[in-house]
Protein chains: 2
Amino acid sequence: MQRTRGRAPTGGRADALSQELIVEAAVALLDELGERGLTFRLLAKQLKTGPGALYWHVSNKDELVALAADQVLGHAFAADPGSGEDAGSGLRALAVAVFDALDRHPWAASHVSAPPTLANALRLLDRIGTLVAGTALPAERHFEVATAISYYITGVSAQIIAPRTVHDATVSRDAFLARTARRWEALDAADYPFLTRATEHLRDHADRDQFTTGLDLLLGGLNTAAGPRPPV
Amino acid sequence: MQRTRGRAPTGGRADALSQELIVEAAVALLDELGERGLTFRLLAKQLKTGPGALYWHVSNKDELVALAADQVLGHAFAADPGSGEDAGSGLRALAVAVFDALDRHPWAASHVSAPPTLANALRLLDRIGTLVAGTALPAERHFEVATAISYYITGVSAQIIAPRTVHDATVSRDAFLARTARRWEALDAADYPFLTRATEHLRDHADRDQFTTGLDLLLGGLNTAAGPRPPV
DNA sequence: ACCTGAACACCGTTCAAGT
DNA sequence: ACCTGAACACCGTTCAAGT
């Protein structure tokens with residue numbers, strides 16, 4: 001299970017493999033070729049070994065992709081300005097940093113899963129929880145609220161970002177939205193009264209704004225839940 | 001693209017294939033064996049044909065799974081009591097119906113993707129939009145708010161439900177939570193001040209409550225956003 | 001128009017053998 | 001302890017041939 005950590009702990013060959021090295025190379029391949037493009041054969045070739053060698057450091061492809069996605073999640077902490085402000089703005093900044101990190105590595109979005117078990121996912125939930133704990137909310141609600149926020153961040157990011165991994169290779173985002181808008185327009189207005197009038201919004205929408213709209217609703221709900229006390 | 005619809009439009013053989021038949025059989029196999037267990041060879045055998053025949057009705061496995069997931073989403077409408085109440089309770093009932101439908105078919109959770117293009121996903125967003133339109137919110141915000149709610153429902157459901165498809169075959173949910181709780185306890189309290197104290201909440205938590213906690217926060221935020229008018 | 005099934009071009013993963 | 005690479009047991013998908 002644990003296998004090697006650390007890089008060539010002394011006396012190892014200079015070009016020794018390690019889980020870090022493998023995950024790093026996997027991220028690069030995933031960025032370039034997507035999840036289907038990542039292959040143990042190809043990855044092994046890049047690292048100048050045989051496919052079997054990789055299995056000494058990761059137990060299978062699922063674990064490898066999960067580790068790679070957690071690596072991407074880690075980028076968010078580098079971008080996040082960190083605390084120093086009130087809980088509300090801290091949560092918002094953190095959420096946006098996660099969205100942006102996943103936005104740059106779309107294949108990762110659908111692989112950040114709950115409850116967290118990997119290093120950076122754990123860090124994320126802990127940070128959210130600590131911010132929530134600095135709120136007017138009663139202590140017994142901290143965990144459920146922190147979890148709800150964490151689920152929103154990763155779940156909604158995945159909803160918005162993951163579809164890109166399917167289409168982007170073949171059609172551009174704009175072309176996809178335009179085609180979808182045309183399909184909505186062609187629907188029967190009696191069956192779909194809302195969608196048939198909403199197509200211009202679909203064409204114009206910015207993904208990041210979609211994410212923050214719901215986020216602000218959720219964080220706004222926090223104020224309500226906490227009662228009329230200092231802003232969260 | 002379009003291929004056959006409808007079942008044996010007259011003069012067809014009684015046992016003729018159709019997309020509906022294929023999707024129905026796929027749902028059954030997905031329920032039983034999960035996404036990896038669904039195989040064109042196996043599916044063809046169940047339907048007493050060769051694998052090639054399926055490609056006349058669906059273009060590939062991705063499309064088949066997407067259609068199967070949309071089928072599952074359709075179950076939610078059967079369960080939903082429907083309108084007759086205010087927007088807030090209507091949205092809540094619809095959201096919970098979707099969660100429960102996905103809960104019964106966990107493999108589907110990660111395949112409901114946005115923006116909607118398939119029949120039931122379209123219906124869902126239209127229904128949410130219609131409910132939101134019956135709110136005090138200004139009209140120009142209807143689309144973004146409806147989308148935000150829709151993203152919450154499918155995205156957070158997927159976060160909560162999808163992990164089960166990975167573990168359930170090997171370990172039970174309780175065993176997984178217990179193991180995760182133990183890992184959290186073993187973390188350094190200085191690095192993870194929140195998580196190390198939260199493990200009992202993790203063990204006790206009910207998935208469905210996690211979903212509704214965030215949902216109520218989000219819907220509560222709607223009241224704030226709409227100003228002090230009649231409840232949404 | 002729709003079905004058949006063999007064949008192609010891959011995969012992830014294992015494992016005996018090496019160093 | 002770690003690496004090698006051939007081999008196993010599959011896949012999704014295609015396509016010439018049938019009805």
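Chain naming here is simple, since letters A, B, ... match the order of the sequence lines and numbering starts at 1 in each.
- Looking only at side-chain heavy atoms (C-beta outward), B:H142 and A:F194 come within less than 4.5 Å of each other.
- Here the CD atom belonging to B:Q159 is positioned 11.0 Å from the CD1 atom belonging to B:I161, to the nearest 0.5 angstrom.
- Between the side chain of B:H205 and the backbone N or O of B:L202 there is at least one donor-acceptor pair closer than 3.5 Å.
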With Watson-Crick and G-U wobble geometry limited to distances under 3.5 Å, how should the secondary structure of DNA chain D be encoded in dot-bracket form, using | for bases paired to another strand and [ ] for crossing pairs?
-> ||.|||||...|||||.||
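- Side-chain N or O atoms of A:R173 include none that pairs as donor or acceptor with a backbone N or O of A:R164 at under 3.5 Å.
- Taking atom NZ of A:K61 as the reference point, atom C1' of C:dT13 lies 12 Å away to the nearest angstrom.
- Going from atom CG of A:L54 over to atom P of D:dC3 covers 9 Å, rounded to whole Å.
- Contacts between residues 30-43 of chain A and DNA chain C, counted as heavy-atom distances below 4.0 Å, involve A:L38, A:T39, A:F40, A:R41.
- Checking D:dT13, D:dG5, C:dC3 against every side-chain atom of B:A16, the shortest atom distance belongs to C:dC3.
- For the pair A:D31 (side chain) and A:H105 (backbone), a donor-acceptor distance under 3.5 Å is absent.
- Residue A:W56 places at least one side-chain N or O closer than 4.0 Å to OP1 or OP2 of D:dC2.
- With hydrogens and angles ignored, the 3.5 Å screen pairs a side-chain donor or acceptor of A:Y152 with a backbone N or O of A:L215.
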